Amino acid sequence: MRNAEKIEKKWQKVWDKSGIYKTKDRVKNKDNFYHLVMFPYPSGNLHMGHWYNYAPADVYARFKRMKGFNVLSPIGFDAFGLPAENAAIKNKIHPRDWTYKNISAMRKQLKSMGNIYDWSREVVSADPNYYKWTQWMFLKLYEAGLAYKKKTLANWCPKDQAVLANEQVIDGRCWRHPDTLVIQKEIDQWMLKITDYADELLADLDKLNWPERTKIMQKNWIGKSEGAKVKFLISNFQFLNKSQLPKSQNYIEVFTTRPDTLFGATYLVIAPEHPLVESLATKEQKEDIRHYVANAHLKTELERTSLEREKTGVFTGAYAVNPANEEKIPIWISDYVLMNYGTGAIMAVPAHDERDFEFAKKFNLPIVKVIDPGREWPENKPYVEGGLIVNSGEFTGVNSAEGRKKITEWLKEKNLGDFSTQYKMRDWIVSRQRYWGAPIPIVFCKHCADKIRNGKSNAGNNEFSKGEFENPGWIAAPEKNLPVRLPPLKNFKPVAGGKSPLARAKNFVNAKCPKCGKKATRETDTMDTFVDSSWYFLRYADPKNKKRFADKKKLNAWLPVNMYIGGAEHAVMHLLYSRFFVKALKNSGYLEFGEPFEALRHQGIILGTDGQKMSKSRGNIVDPDDLVEKYGADTARMYLCFMGEYSQGGPWSSTGILGIKRFLDRIYAKFSIFNSQFSNAENQELQRLLHQTIKKVGEDIENFRFNTAVSALMILFNKMEKENLSKEEARTFLKLIAPFAPHLAEEFWRNLGNKKSIHLESWPKYDPKFIKEGDYDLLIQIGGKLRDKVRVSKRLDRVEIENLVLSRDAIKKHIAGGEIKKIIFVPGRLINIVL
RNA sequence: GGACGAGUGGCGGAAUCGGUAUACGCGCAGCACUUAAAAUGCUGUGGAUUAACAUCCUUGAGGGUUCGAGUCCCUCCUCGUCCACCA
């Protein structure tokens with residue numbers, strides 16, 4: 001079918017011209033359906049993964065449209081990002097030119113798929129009309145006190161003098177300099193307080209129609225732990241360097257999820273970055289500690305988190321008092337305790353925690369058992385589960401769960417502790433020391449900084465926003481100055497000292513403070529591209545709006561997204577950030593809904609024919625452009641649907657796609673000849689199959705079972721092919737196949753004399769009488785084994801069936817000699833005689 | 001190490017609430033068409049025993065629940081994905 005391409009081109013042009021896929025904003029229509037696929041990064045080529053995401057998704061969108069919904073199915077480009085900058089450095093082409101060249105190539109490829117996209121709503125995140133609103137969003141978060149600047153540890157390449165993204169760190173080394181170890185360096189970065197929303201992000205997961213796995217991944221990422229904070233008084237306080245201790249800070253606070261094991265805490269451990277490290281060091285230990293802490297900083301991320309690594313640590317010389325039993329216990333420093341979780345300090349209970357156990361063994365620290373497992377103690381291992389509390393004074397005999405509560409309450413009474421909840425999730429670093437991103441629209445003004453620091457402006461007087469007040473000197477650009485445009489630049493290499501290439505643009509950096517008019521310097525960091533993609537789904541509702549990121553009415557008409565389809569690799573970051581954005585914007589009064597994506601589905605991964613991930617080095621890449629040229633888009637679309645479970649993916653088969661090609665060729669052949677020869681007679685058997693298929697295909701698409709939907713269409717056509725069809729039967733079949741093979745369906749639909757597109761038709765309705773009535777094969781089992789079957793009407797009742805079955809010779813033969821104990825009858829399916 | 005998911009013909013994969021295991025497609029074999037091949041069409045295609053009718057076996061391994069288990073429960077093996085010193 002070499003003319004598949006011709007037919008496809010022809011109809012794509014007609015659809016484009018007649019604008020049948022332009023979506024009207026029906027502000028009050030309840031039948032609006034917002035169907036969204038994750039917008040692609042314009043890398044230059046549409047690959048199989050894109051097709052697998054977009055083609056079956058389009059089947060779903062087309063189906064929804066035929067079911068009567070006003071479907072919005074937009075597309076755009078996630079156009080900022082590192083690859084453009086790397087291409088710029090390598091090929092001496094401006095990132096903008098590289099990006100837009102790729103976009104126009106990919107737009108063409110996307111159009112060859114024959115999707116339902118409304119191109120008039122296309123959004124490109126690198127466009128100033130778009131990133132103006134990305135900047136605006138950032139400022140709204142800043143205003144609300146959800147953005148702040150803070151020193152954080154980042155991957156640092158000493159050779160490049162530059163910050164590296166996690167994916168640029170390979171085996172603990174810089175990707176450009178494999179001989180250079182990456183270290184952790186403190187860098188001033190803009191952060192978003194996603195942790196403020198931890199509880200809400202966790203709780204609202206229950207409301208979402210998302211894959212369970214994805215919800216679990218988000219849950220684990222948020223990582224809520226309930227436990228207690230406990231204060232341990234420092235015992236040899238008088239010997240320590242008190243001048244460096246904060247006032248009244250004569251204790252170390254730890255977080256534990258196991259307060260029930262408090263009596264078994266035989267030492268404390270603080271992180272090397274803990275603020276009390278200096279103060280706790282006794283004279284004798286000072287040198288060792290300095291050495292250890294310096295070393296910990298030099299360690300690569302890889303080394304510090306490697307599991308195989310033996311525990312290391314150093315004694316501070318200081319002691320603390322276990323509040324439970326007044327025992328004096330040593331305070332240690334070790335990098336197995338993380339500064340950015342909990343309080344940066346732990347109470348170590350080696351008898352009941354694996355890490356503490358390992359540490360205690362290595363440094364010969366005491367191990368005290370306070371939980372009775374109620375069975376044999378594991379050999380040379382800690383016992384980490386719950387049990388009966390022992391050796392614990394008044395709490396002896398209480399079980400773990402109860403003990404946690406009781407001991408915490410007891411601590412609370414003595415003012416030595418309280419219940420506490422901790423999260424693994426950290427705030428989101430959105431600063432990037434890079435060129436090709438949306439500039440962070442903020443300036444630093446020393447004058448304003450002094451004013452705030454000297455208390456000359458108060459929090460309540462409206463002169464400064466909450467964010468500005470909390471980050472003295474960092475003044476937001478006024479809305480009317482947005483977008484803060486990327487300056488033209490020729491050199492895109494990072495600036496030494498870890499600054500963005502933007503620092504080279506003097507005209508850009510030098511600015512006037514919008515508050516006081518004095519000299520100020522502009523922030524040169526750009527935003528993480530995840531910021532761009534955290535709100536793009538809002539823009540599609542009203543992509544050309546100049547006054548607002550989107551009109552309120554239009555937002556309410558379309559959002560939240562009714563069905564979102566894309567890769568599982570975004571299960572945490574993109575999907576979590578988007579949820580955070582929507583919640584924060586809702587809180588500030590800009591949105592009226594609290595979740596961006598009501599329903600979510602993931603496509604699987606298409607592997608090469610060898611079952612391996614497709615990659616250039618393996619040479620197993622299948623190029624969708626070749627498929628379109630060789631077989632046509634309809635065949636490619638349908639094969640992707642047919643391959644297997646949508647969420648599973650699987651290996652590509654170059655012979656498998658031939659099956660679909662043959663199938664479509666047969667349809668082509670059948671429909672090409674019978675224009676003039678319709679049957680008038682109704683074929684009951686065909687009618688029954690046709691109606692069952694309408695039901696089956698509809699339900700399958702609704703449940704993302706595209707593979708079985710295609711199989712049902714094949715079964716139907718295998719029968720139709722041999723029959724003389726009526727015109728109505730032909731029409732119905734074309735409608736059923738229209739979402740899968742939109743071009744082919746359109747071609748023959750018009751050949752049947754229809755003036756309007758098949759894609760404006762509605763999904764056929766099935767007649768329930770064809771489902772309920774008729775005959776079926778009743779299975780006859782004896783003792784659960786299939787022995788016979790008989791074709792019976794669905795109208796027969798149990799007694800009639802039993803009589804019929806028991807009178808059959810084959811059954812009599814099997815029953816002979818036995819006694820019937822029980823007869824199980826499953827209507828519409830089987831009868832089982834138990835002897 | 002942890003969390004989650006999956007193991008079904010030669011291959012991709014079907015199988016509703018526990019109710020015909022192997023739908024649909026690929027591949028393979030035979031036949032037809034053809035000088036021939038390709039394409040296309042028709043027929044067959046899990047295994048064992050049998051001339052045949054039939055009978056038995058079979059969903060990673062082993063056990064259990066049930067009239068009946070690919071599906072539910074327990075133990076184990078293998079693979080995949082994500083997370084990873086989070087106290």
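Quick caveat: nothing in here was measured; it's all calculated off a predicted structure. Heavy-atom basis, side chains included; hydrogens, waters and symmetry copies ignored. Within every chain, numbering begins at 1; the chains are lettered A, B, ... in the order of the sequence lines, protein sequences first and strands thereafter.
- Ring geometry, A/Phe363 versus A/Trp332: the interplanar angle falls from 30° to 60°, so the pair is classed tilted.
- Rounded to the nearest Å, the gap between the C1' atom of B/G46 and that of B/G13 is 15 Å.
- One interatomic measurement links the two molecules: CD of A/Gln422 to C1' of B/A87, which rounds to 10 Å at whole-angstrom precision.
- To the nearest whole angstrom, the two C1' atoms, one in B/A48 and one in B/C42, are 29 Å apart.
- Put simply, the side chain of A/Asp427 gets close to the backbone of A/Thr195: a donor and an acceptor are under 3.5 Å apart.
- As rounded to the nearest Å, B/U43 and B/U55 have P atoms that lie 26 Å from one another.
- Of the N and O atoms on the side chains of A/Asn703 and A/Tyr646, not one donor lies less than 3.5 Å from an acceptor on the other residue.
- Contact annotation for A/Gly567: no contact, since no heavy-atom pair falls under 4.0 Å across all strands.
- Mapping A/Val834 and A/Arg258 onto RNA chain B by nearest heavy atom places A/Val834 at the nucleotide closer to the 5' end.
- Protein atom CE of A/Met339 is 14 Å distant from nucleotide atom C1' of B/A87, rounded to whole Å.
- Base-pair partner of B/C85: not found among the strands shown (Watson-Crick or G-U wobble, both distances under 3.5 Å).
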Any chance you could list the contact pattern along nucleotides 18-25 of chain B? Use B for base contacts, S for sugar-phosphate-only contacts and - for none, protein heavy atoms under 4.0 Å, 5' to 3'.
-BB--BBS

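- If you check the side chains of A/Asp199 and A/Tyr423, you find a donor sitting under 3.5 Å from an acceptor.
- Of all heavy-atom pairs between A/Ile194 and A/Arg426, the closest is CG2-O, 3.4 Å.
- Distance noted for atom P between B/C11 and B/G7: 15 Å (whole Å).
- A close approach under 4.0 Å does not occur between any side-chain nitrogen or oxygen of A/Tyr336 and OP1 or OP2 of B/A87.
- Of all nucleotides present, only B/C4 satisfies the Watson-Crick or G-U wobble test against B/G80, with each distance under 3.5 Å.
- When Watson-Crick and G-U wobble pairs are counted only if both distances are under 3.5 Å, B/G10 pairs with B/C26.
- The phosphate of B/A87 has OP1 or OP2 within less than 4.0 Å of a side-chain N or O from A/Ser225.
- Of the candidates A/Leu664, A/Asp626, A/Asp665, A/Leu658, A/Tyr631 forms a side-chain contact (heavy atoms from CB on, under 4.5 Å) with just one, namely A/Leu658.
- Judged by Watson-Crick or G-U wobble contacts below 3.5 Å, the nucleotide B/U55 has B/A48 as its partner.
- For A/Ile833 and A/Ile216, each mapped to the nucleotide of RNA chain B holding its nearest heavy atom, the one lying further toward the 5' end belongs to A/Ile216.
- Judged by distance alone, the side chain of A/Asn832 and the main-chain N or O of A/Ile824 form no donor-acceptor pair under 3.5 Å.
- Checking B/C31 for Watson-Crick or G-U wobble geometry (two distances, each under 3.5 Å) identifies B/G41 as its partner.
- On the C1' atoms, B/C77 is 22 Å away from B/G9, given to the nearest whole Å.
- Residue A/Tyr646 contributes atom OH, which lies 21 Å from atom P of B/G5 at whole-angstrom precision.
- Donor-acceptor pairing under 3.5 Å is recorded for the side chains of A/Thr312 and A/Tyr292.
- Candidate nucleotides B/C4, B/C85, B/A87 were compared by shortest atom distance to the side chain of A/Lys311, and B/C85 ranks first.
- For A/Arg798, the salt bridge (Lys or Arg N to Asp or Glu O under 4.0 Å) criterion is met by A/Glu802, not counting sequence neighbours.
- If you measure from atom NZ of A/Lys613 to atom P of B/G80, you get 13 Å, rounded to the nearest angstrom.
- Look at B/G62: its Watson-Crick or wobble partner, with both distances under 3.5 angstrom, is B/C74.
- Remark: C1' of B/G41 and CZ of A/Phe663 are 17 Å apart, rounded to the nearest angstrom.
- Atom CE of A/Met217 and atom P of B/G5 are 13 Å apart (whole Å).
- A donor-acceptor pair under 3.5 Å is absent between the side-chain atoms of A/Asp260 and the main chain of A/Arg404, judged by distance alone.
- Applying the 90° cutoff around 0 to the glycosidic angle, B/C24 is assigned anti.
- Counting non-hydrogen atoms under 4.0 angstrom, A/Glu645 reaches the backbone sugars and phosphates but no base.
- The same atom, C1', is picked in B/U71 and in B/A15; the two are 10 Å apart, to the nearest Å.
- Straight-line distance between the C1' atoms of B/C73 and B/U66: roughly 12 Å, to the nearest whole Å.
- A/Phe706 has its CZ atom 17 Å from the C1' atom of B/A14, to the nearest Å.
- Across all strands shown, B/G68 forms no Watson-Crick or G-U wobble pair with both distances under 3.5 Å.
- Base pairing analysis places B/G18 opposite nothing; no Watson-Crick or G-U wobble pair with both distances below 3.5 Å involves it.
- For A/Arg787, the listed nucleotide lying nearest its side chain is B/U55; candidates were B/C42, B/U55, B/G13.
- With P as the reference atom, B/U20 and B/A29 are 33 Å apart, rounded to whole Å.
- Put simply, the side chain of A/Lys821 and the base of B/C67 share no donor and acceptor less than 3.5 Å apart.
- Rounded to whole Å, atom P of B/C67 lies 17 Å from atom CD1 of A/Ile820.
- Regarding the sugar-base torsion, B/G9 falls in the syn class, its angle being within 90° of 0.
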